[in-house]
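So the structure is just underneath, and the comments pick up after that.
What you are looking at is a predicted structure, and each value in this text was computed from that prediction instead of being measured. Note: hydrogens, waters and symmetry copies are ignored here, and every other heavy atom, side chains too, is used.
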Amino acid sequence: MTLFSEIEQAYGMQIESWQAIKDVYRVCTKAHGILCVKPYRIPFDELSFILAVQEHVRNYNFQFVPATCKTAEGHLAIRYHHRFYVLSRWIVGGNPAFHHEHALAEGIETLARFHSVSHGFAESVPPARMRAWRIKENFFRQKRILKRMDGDWNRSDFINLCARAMRKLDDRRVQRAIEREVQARAVIHGDYNYPNLVVDRLGRYHLIDFDNASVHVRMEDLAHVLHRNAPWQVPQMSRLIEVYDHVRPLAQNDLHLLVALLLQPYPLIRALRAGKSIHAIQSRLPGTSLVTRYIRQLEQLV
């Protein structure tokens, strides 16, 4: 049987057409409307966690996440050729244009609203999805990557930036912020940026692709979207933090944690992981004076 005949049988539906779009399928059905079929190649306990995170925030009235369709027997997914497939409603719309300030601000507000209910997660969590205490380990790994590359461009200031970020993590205020998030059982999206957001016809922002969701510090999501959309630009970051804070007020300890996360040279690390050439990376790196100013401005946030 083909994947789609398996879906028809498991869900009791008739599929009229399907189309592969990026990493999902857009499926048109006769009686169930347009659906999204998303494949997962992860252990079932991790898939169950991802779907439970989405259900958790939906139960707290954040409706803008995928609503999973159950099979005729009540299962959340089907298995086909060593992969799990999940069905949800297809969200009609497009990705927001984060290069426009108002769209980015709306995206930050949506993140804050999501974070306002993404705590108190009561379901079991696979060890691979417990990441709040792994921040320093990740920082150390990134510092090691930069040390390996240092001979190619002689920019020790980025290695020093990693070291500064690691020292910031040892700050008691940062430790308290992390402890508070662990106690709160906070969950995050894990890859919050415009490709994983869909704006519907009414202008509402929907979160999709929870593949990297985990129990983590919510500032990880905020730091990620700031790094991606305002790299090395603390004044713009500061304005976006204010947008977030207006919806979900931040404690001072959260700000200290956010600064630690922003001290990491994430744009550089991301470029290296993407396999970009040294020449291409160097052409977009901030100069030493800009890195120094970046550190000073970040420290002024707290």
Side-chain angles (χ1 to χ4, degrees), residues 23-24 36 38-71 74-79 82-88 110-142 169 174-193 196-197 206-225 227 244 248 250-251 253-254 256-258 260-261 264 266:
D23 61 342
V24 300
C36 174
K38 182 172 174 61
Y40 290 89
R41 198 164 190 168
I42 57 177
F44 186 72
D45 63 342
E46 293 192 41
L47 173 59
S48 298
F49 169 78
I50 289 171
L51 300 181
V53 168
Q54 295 171 182
E55 185 65 18
H56 173 79
V57 296
R58 287 181 65 84
N59 287 340
Y60 283 88
N61 294 322
F62 187 89
Q63 300 298 311
F64 306 111
V65 295
T68 304
C69 304
K70 293 184 178 180
T71 68
H75 302 305
L76 294 172
I78 66 167
R79 186 170 183 135
H82 309 294
R83 290 189 180 187
F84 295 105
Y85 289 84
V86 174
L87 270 69
S88 60
T110 301
L111 177 61
R113 286 192 286 271
F114 167 70
H115 282 171
S116 294
V117 297
S118 67
H119 58 88
F121 185 74
E123 303 295 326
S124 62
V125 182
R129 299 285 169 161
M130 289 289 293
R131 298 174 184 166
W133 292 116
R134 298 182 188 173
I135 301 174
K136 195 164 190 178
E137 176 185 326
N138 292 336
F139 279 17
F140 180 78
R141 189 180 302 116
Q142 293 176 14
L169 279 183
V174 174
Q175 289 296 309
R176 286 197 188 107
I178 296 173
E179 290 167 6
R180 185 177 173 221
E181 291 291 82
V182 171
Q183 291 168 2
R185 298 275 289 185
V187 291
I188 70 167
H189 180 273
D191 192 14
Y192 191 90
N193 199 27
N196 292 330
L197 290 166
H206 298 253
L207 282 67
I208 59 173
D209 289 347
F210 278 73
D211 302 41
N212 291 310
S214 65
V215 171
H216 209 326
V217 297
R218 283 168 282 190
M219 291 300 93
E220 178 75 17
D221 273 342
L222 182 55
H224 179 80
V225 72
H227 274 308
Y244 182 101
R248 178 179 176 262
L250 293 171
N253 288 348
D254 290 324
H256 280 281
L257 172 57
L258 179 60
L261 295 168
Q264 276 297 101
Y266 174 80

Is [X] reaching over with its side chain to a backbone N or O of [Y], donor-acceptor style, under 3.5 angstrom?
X: His56; Y: His119; result: yes
X: Ser118; Y: Val187; result: yes
X: His189; Y: Ile208; result: yes
X: Asp191; Y: Asp211; result: no
X: Arg131; Y: His216; result: no

Whether over 12 other heavy atoms sit under 6.0 Å from Arg248 CZ: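 Buried by this count: over 12 neighbours within 6.0 Å.
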Residue pairs involving residues 42-60 (criterion salt bridge (charged side-chain N to carboxylate O under 4.0 Å, His left out); sequence neighbours excluded): Glu46-Arg129
Leu76 to Thr68 - nearest heavy-atom pair and separation: O-CG2, 3.6 Å
Nearest atoms (heavy-atom pairs only) where Asp254 meets Met219: O-CG, 3.7 Å
Whether Phe114 and Phe210 hold their rings parallel, tilted or perpendicular, with breakpoints at 30° and 60°: perpendicular
Parallel, tilted or perpendicular: rings of Phe44 and Phe84 (30°, 60°):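 Tilted: the ring planes of Phe84 and Phe44 meet at 30° to 60°.
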Between Asn193 and His224, a side-chain donor and acceptor under 3.5 Å: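 On atom types as modelled, these side chains do not qualify, holding no pair under 3.5 Å.
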Listed partners of Asp209 passing salt bridge (Lys or Arg N to Asp or Glu O under 4.0 Å), at least two apart: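 For Asp209 the salt bridge (Lys or Arg N to Asp or Glu O under 4.0 Å) partners, ignoring immediate neighbours, are Lys38.
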Non-hydrogen side-chain atoms of Arg83 and Tyr40 separated by less than 4.5 Å: no
